Amino acid sequence: MKTVPLCLLTVIAESVLKERLVHDLRSVGARGYTLTDAEGEGSRQRRVGEILGANIRIESIVSPEVADRLLQLISNEYFDRFAVIAYLSTVSVIRGEKYV
Amino acid sequence: MKTVPLCLLTVIAESVLKERLVHDLRSVGARGYTLTDAEGEGSRQRRVGEILGANIRIESIVSPEVADRLLQLISNEYFDRFAVIAYLSTVSVIRGEKYV
Amino acid sequence: MKTVPLCLLTVIAESVLKERLVHDLRSVGARGYTLTDAEGEGSRQRRVGEILGANIRIESIVSPEVADRLLQLISNEYFDRFAVIAYLSTVSVIRGEKYV
Amino acid sequence: MFEVLRINLCSPLTLAFALGIVARLVRSELALPRDLVTSLSIYLLFALGLKGGVELSHSSLNQITGPAMATLLLGCVTPVTSYLVLRKLGRFGIADAAGIAAHYGSVSAVTFIAALQFTTTVGYPAEGFMPTLLTLLEIPGIQVALAIGLIQTARSQGTTGENFDASLRRSNRELIHELLTSRSMILLVGGLVIGTAVGETGWKPVQPVFEGMFKGLLTLFLLEMGLAAGSRLGDLKKAGFFLLGFGILMPILHGALGAWLGSMTGLSVGGCTVLATMAASASYIAAPPAVRMTLPEANPTYYLTAALAITFPFNLMAGIPIYFAISKALCN
Amino acid sequence: MFEVLRINLCSPLTLAFALGIVARLVRSELALPRDLVTSLSIYLLFALGLKGGVELSHSSLNQITGPAMATLLLGCVTPVTSYLVLRKLGRFGIADAAGIAAHYGSVSAVTFIAALQFTTTVGYPAEGFMPTLLTLLEIPGIQVALAIGLIQTARSQGTTGENFDASLRRSNRELIHELLTSRSMILLVGGLVIGTAVGETGWKPVQPVFEGMFKGLLTLFLLEMGLAAGSRLGDLKKAGFFLLGFGILMPILHGALGAWLGSMTGLSVGGCTVLATMAASASYIAAPPAVRMTLPEANPTYYLTAALAITFPFNLMAGIPIYFAISKALCN
Amino acid sequence: MFEVLRINLCSPLTLAFALGIVARLVRSELALPRDLVTSLSIYLLFALGLKGGVELSHSSLNQITGPAMATLLLGCVTPVTSYLVLRKLGRFGIADAAGIAAHYGSVSAVTFIAALQFTTTVGYPAEGFMPTLLTLLEIPGIQVALAIGLIQTARSQGTTGENFDASLRRSNRELIHELLTSRSMILLVGGLVIGTAVGETGWKPVQPVFEGMFKGLLTLFLLEMGLAAGSRLGDLKKAGFFLLGFGILMPILHGALGAWLGSMTGLSVGGCTVLATMAASASYIAAPPAVRMTLPEANPTYYLTAALAITFPFNLMAGIPIYFAISKALCN
Ligand SMILES: Nc1ncnc2c1ncn2[C@@H]1O[C@H](COP(=O)(O)O)[C@@H](O)[C@H]1O
Ligand SMILES: Nc1ncnc2c1ncn2[C@@H]1O[C@H](COP(=O)(O)O)[C@@H](O)[C@H]1O
Ligand SMILES: Nc1ncnc2c1ncn2[C@@H]1O[C@H](COP(=O)(O)O)[C@@H](O)[C@H]1O
Ligand code: NA
Ligand code: NA
Ligand code: NA
């Protein structure tokens with residue numbers, strides 16, 4: 001089938017950030033997102049997670065521009081002070097107009 | 001290690017579709033799948049999900065042909081009437097023959 | 001934003017292997033991982049999972065060398081005797097130095 | 001009557017439901033874990049079945065036959081009346097009308113339980129075999145409404161004939177299997193059978209859990225129902241005035257019909273009240289997934305909002321006392 | 001006194017907590033499912049509220065006013081004393097000091113419950129309206145400490161003036177909303193209101209769940225608390241000696257203050273003990289996420305370890321009897 | 001005897017198990033949330049320990065020594081007999097035989113509980129210290145079987161000598177740690193210790209949860225066991241006739257041995273029955289993951305099907321009354 005390439009942005013973050021991240025996604029123009037519960041360890045040690053619930057994993061299919069804005073925002077607002085990672089990959093979707 | 005490229009098809013759908021999608025996967029030739037619980041929002045508004053449980057996220061590693069058949073099937077049967085998205089990416093696997 | 005390409009290794013395995021796989025990841029040099037609960041079916045039939053809990057899905061962003069070492073280790077130690085699959089894809093991250 | 005309303009409104013059940021709504025209105029983060037909700041509903045259905053089974057062991061088949069017929073009749077009539085009203089008066093499309101009708105043709109177990117509690121509190125306990133009737137009413141209403149929906153859709157699209165018949169029959173077989181083996185049927189019927197088999201002696205040791213804890217856990221479940229209904233309140237506007245009226249008046253009509261059929265077949269005042277409540281209530285556990293799968297064109301906002309945010313609270317707060325008043329009038 | 005300590009140490013509650021710690025020390029895989037933990041804490045808070053509400057219906061507003069004032073005063077004083085001690089004596093940074101102070105200004109519901117149980121066991125039951133005081137103390141302490149933290153941070157960075165004021169007020173509004181509509185507030189306050197409304201008659205049928213099961217389920221919850229505290233033990237070293245002393249001495253100070261204010265406002269020995277325990281306890285449910293969001297620079301290791309691995313077990317095992325002794329002395 | 005069988009078959013426990021199987025046979029979607037199942041098993045084990053501990057506080061060390069020795073002996077003998085029968089008569093491979101033997105050498109807590117309930121119902125309550133014996137039997141059997149498996153595998157592959165010894169010892173140390181700190185051990189032993197420490201006074205307030213709710217929650221757990229067993233029924237064919245016979249006859253043999261050892265060491269009829277049941281039962285909680293990790297070559301279909309779909313229902317329905325009859329004969 002005819003597919004279009006788009007960006008898949010994945011954010012893994014401590015779960016207190018859930019509402020804020022969803023809000024940020026919307027604010028920079030993402031049209032949807034999918035969220036799963038996760039746990040994990042990173043370079044920073046065990047965190048507030050224990051009592052507050054662990055990590056969340058947010059995926060959003062967006063245009064390259066939106067992806068860039070999101071990465072920018074996340075790296076400015078969260079990277080220093082919160083347990084957050086984010087990465088991009090390329091995926092092929094049908095109905096490309098749904099996501100931009 | 002020697003790896004082969006294959007398609008990773010990800011489907012995110014409202015959870016009532018679970019049995020049907022798994023059945024469809026098998027019917028077009030997928031040899032396996034992995035399923036996680038998820039929640040999310042998309043372009044269509046809040047859905048039946050609330051009481052029935054939220055979304056599911058199905059991943060299946062398949063050959064390009066099977067991927068194409070699946071996308072076709074999903075786009076014919078589900079896209080209009082159900083909350084479903086699907087996307088493809090390329091992954092490298094060992095033991096490529098396991099998946100085709 | 002400036003991003004660097006790295007490997008995203010995904011391992012899906014029966015959940016008894018959780019501690020061992022996390023240990024293996026660390027031992028070959030992964031700097032972090034993210035874990036979600038999953039279920040699934042593959043080429044081998046229904047397994048010990050039923051009572052013991054189902055599958056886990058581990059993701060780790062690593063350098064190509066570490067990815068290779070991990071694939072090697074997993075294919076030597078687990079592929080024959082346990083329900084495990086593993087695959088690689090390429091992702092773009094910011095702060096590349098965090099992961100290597 | 002006012003005393004009766006007061007009793008009903010001032011019970012922990014109703015107030016827990018209200019608390020859930022309030023929590024949503026003030027946008028609280030309160031949420032019951034999904035597994036807790038599932039566990040509670042498994043517990044409630046199984047306990048209901050067990051208890052009903054133990055009491056069923058004291059009933060004679062004789063007593064039940066009449067009310068059982070009445071129940072099955074209600075299961076055929078209520079979806080049709082609902083469908084017609086929605087189509088003719090409400091101007092809903094085929095799928096939406098059939099989808100909503102499937103909900104009102106079936107029954108809400110929690111409303112049923114609330115009616116059982118209510119009749120006991122006001123001193124008119126219902127017959128012991130009521131849970132048996134619940135299992136009889138759960139399925140046919142959904143069936144009938146969905147069949148109407150499928151047939152009408154096919155007719156309107158001109159796809160009739162053998163092919164359609166076959167596909168209808170096939171999807172119907174699947175649906176019936178799904179409904180008969182659904183969680184609530186297995187737990188209710190299974191509980192009934194086990195309860196009948198073990199009788200009072202076998203019931204004793206499990207009574208602290210399946211009877212003692214019942215009202216308390218039901219209170220928690222109603223908190224969750226309140227949360228779910230509360231998050232549907234915003235959709236009331238989308239549902240429109242017609243659905244609001246439908247969600248209140250249709251239950252009263254069905255309730256009166258149920259009370260009348262109950263009194264005809266010899267049920268006590270309590271029994272009539274509970275049967276009326278069953279007829280009046282709308283399913284929001286069994287019906288939604290069945291409708292979603294079978295009639296995906298039907299808009300969930302309509303049927304979920306009507307069943308959960310209009311009819312359920314109405315029955316809980318005012319409906320049950322009304323059906324009680326009707327039943328009392330009819331039985332004297 | 002020793003008898004009292006023994007009673008306290010040999011209760012299933014304390015021992016379940018100890019079992020949790022031991023399980024972590026021997027690196028057991030034992031873990032309570034997260035949903036079970038959430039469910040237990042929902043149950044405990046709601047039951048606490050309901051029970052308190054039922055008893056509140058016997059109290060007069062008159063009796064409550066004094067203790068309520070005392071409680072609010074504690075909510076303003078304890079975060080300030082904590083902050084000052086941490087800054088001046090402990091040489092902590094602004095964010096860390098304010099973050100820890102927010103925990104000690106608020107209150108731990110489980111410690112509160114343990115104190116209620118304790119006073120009943122030793123024959124000095126507290127007043128029925130104590131859960132009302134709990135809801136009064138939960139929020140202001142967090143508020144005050146976070147405000148101090150934000151203001152001091154701004155001052156130290158030279159960002160004062162209108163802009164800062166506006167942003168402080170905005171984030172404060174959000175925070176207050178979040179705290180007022182938090183799970184524990186809704187359940188506690190909701191339970192209180194429902195309990196008061198339904199009174200003894202409405203309480204009866206749900207009593208087996210909300211009273212009968214209380215201590216048993218609390219035991220399970222303390223097992224989980226022990227597991228959580230146990231996995232924090234390794235962080236004690238990182239927290240340092242100062243925090244260890246702070247986590248034991250500050251509660252005694254706050255406890256004495258609470259007992260004194262309680263006795264001034266006419267509380268019984270049991271009531272004084274419980275108020276003292278509230279003042280002495282540190283929150284580990286409401287405070288952590290609020291601090292994490294508002295002062296992300298504060299190191300969670302400090303505040304979680306202090307609240308959970310030092311002050312909580314101290315209060316549970318020795319603190320409550322101490323506050324009881326102080327209260328007894330003050331009330332005679 | 002028939003009366004005894006009837007009592008056993010008509011209990012809510014057995015029937016809930018049957019309901020689970022039926023639900024799977026009709027391909028129902030019924031499933032208990034995983035967290036509920038985990039929570040129930042945590043509850044059952046902890047309650048079992050607590051109750052046992054309280055009763056242990058009335059027992060003298062004297063009484064226990066003999067039965068404890070008998071239990072440890074059973075832990076060494078039953079895996080060996082199982083292994084030999086499977087290898088010599090069943091022609092199973094080393095790994096499969098050792099894997100299955102590990103299950104039959106250990107013990108099933110739910111079967112144990114069912115036996116306790118049964119003996120109480122028929123008027124021959126077992127000694128209070130039986131849960132202590134349960135903890136003694138849980139581990140050694142798994143150990144012995146896995147050691148046999150590892151040693152035999154090594155021998156058959158010619159890898160003996162120092163290297164192998166070291167690696168065997170290392171993996172054994174890990175395994176023992178894992179088993180000793182496993183969830184069930186911590187909860188059982190922890191419960192026993194707490195129960196003994198708090199005695200009757202401390203037990204009172206938590207009794208409604210840990211005793212009152214026991215049978216009801218056990219009923220729910222057996223529903224889940226039925227679901228799990230039901231989904232294994234399809235594997236019976238793959239397991240083959242030999243395993244079917246093994247899963248019924250081996251327990252009778254081990255049960256007789258257990259009853260005899262029990263009567264030799266002075267246990268009452270009830271105590272003998274319970275010890276026999278322990279010997280006869282096959283673990284399906286502790287053993288499967290240990291076997292999966294240590295002998296991954298063993299086919300899970302064999303050991304899970306045998307333990308869960310053959311031996312467990314056999315013991316539940318017919319085994320326990322048989323062991324009771326044997327015990328009664330031996331003790332007179
Ligand atoms: N290399 C990695 N691969 C996958 N996930 C990671 C990695 N590093 C960190 N994470 C995830 O990101 C979260 C925050 O990481 P950190 O900020 O390093 O503590 C962790 O809890 C992990 O879930
Ligand atoms: N842009 C997106 N990125 C990630 N997930 C999405 C996106 N859009 C939709 N989804 C997921 O797909 C589901 C159905 O979307 P929709 O059909 O638009 O309601 C949502 O609940 C989300 O979980
Ligand atoms: N083709 C596939 N695509 C996605 N996941 C798979 C696939 N094959 C196997 N899996 C996952 O890997 C697990 C083990 O597979 P197997 O070893 O084939 O039994 C399964 O339970 C699935 O979760
Ligand atoms: Na109805
Ligand atoms: Na405090
Ligand atoms: Na055994």
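The figures here come from the full heavy-atom set of this structure, side chains too, leaving out hydrogens, waters and symmetry mates. Values in this document were obtained by computation on a predicted structure and should not be read as measured data. Lettering follows sequence order; numbering is per chain, from 1.
- Only the side chain of D:Leu223 comes within contact range of chain E, with at least one heavy atom under 4.5 Å from a heavy atom of that chain.
- Looking at E:Ile186, the atoms closer than 4.5 Å to chain D (heavy atoms on both sides) sit in the backbone and in the side chain alike.
- Centroid-to-centroid, the aromatic rings of D:Phe221 and D:Tyr43 stay 6.0 Å apart or farther.
- Annotation: maximal heavy-atom pairing with chain E below 4.5 Å, among D:Cys10, D:Pro12, D:Gly212, D:Ser11, occurs at D:Pro12.
- Chosen from E:Ser182, E:Ser184, E:Ala197, the residue pairing most often with chain D at heavy-atom distances under 4.5 Å is E:Ser182.
- Note: E:Tyr284 and E:Phe312 have perpendicular aromatic rings, judged against thresholds of 30 and 60 degrees for the angle between ring planes.
- For E:Met213, the part sitting under 4.5 Å from any heavy atom of chain D is the side chain, from C-beta outward, and nothing else.
- Interface remark: of the candidates D:Ser39, D:Ala16, D:Pro33, D:Pro33 forms the most heavy-atom pairs closer than 4.5 Å to chain E.
- In this structure, chain E has a heavy atom under 4.5 Å from the backbone of D:Ala31, while its side chain stays farther away.
- Proximity to chain E is limited to the side chain of D:Thr219, based on heavy atoms less than 4.5 angstrom apart.
- The two atoms that bring E:Ala307 and E:Ser283 nearest to each other are CB-O, 3.8 Å, heavy atoms only.
- Among D:Leu217, D:Leu13, D:Leu19, the residue with the largest count of heavy-atom pairs under 4.5 Å with chain E is D:Leu19.
- Counting heavy atoms from C-beta on, the side chains of E:Leu188 and E:Glu138 come closer than 4.5 Å.
- When every heavy atom of D:Gly128 is checked against every heavy atom of D:Glu55, the shortest pair comes out as CA-OE1, 3.2 Å.
- Proximity of a side-chain donor or acceptor of D:Ser28 to a complementary backbone N or O of D:Ala23 within less than 3.5 Å is not detected.
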Notebook entry, point to check: Can you check side-chain contact (heavy atoms from CB on, under 4.5 Å) on E:Arg183 and E:Ile42, steps first, answer last?
Noted result: CA-CA 8 Å; E:Arg183 193 171 72 192; E:Ile42 287 175; 4.0 Å; yes
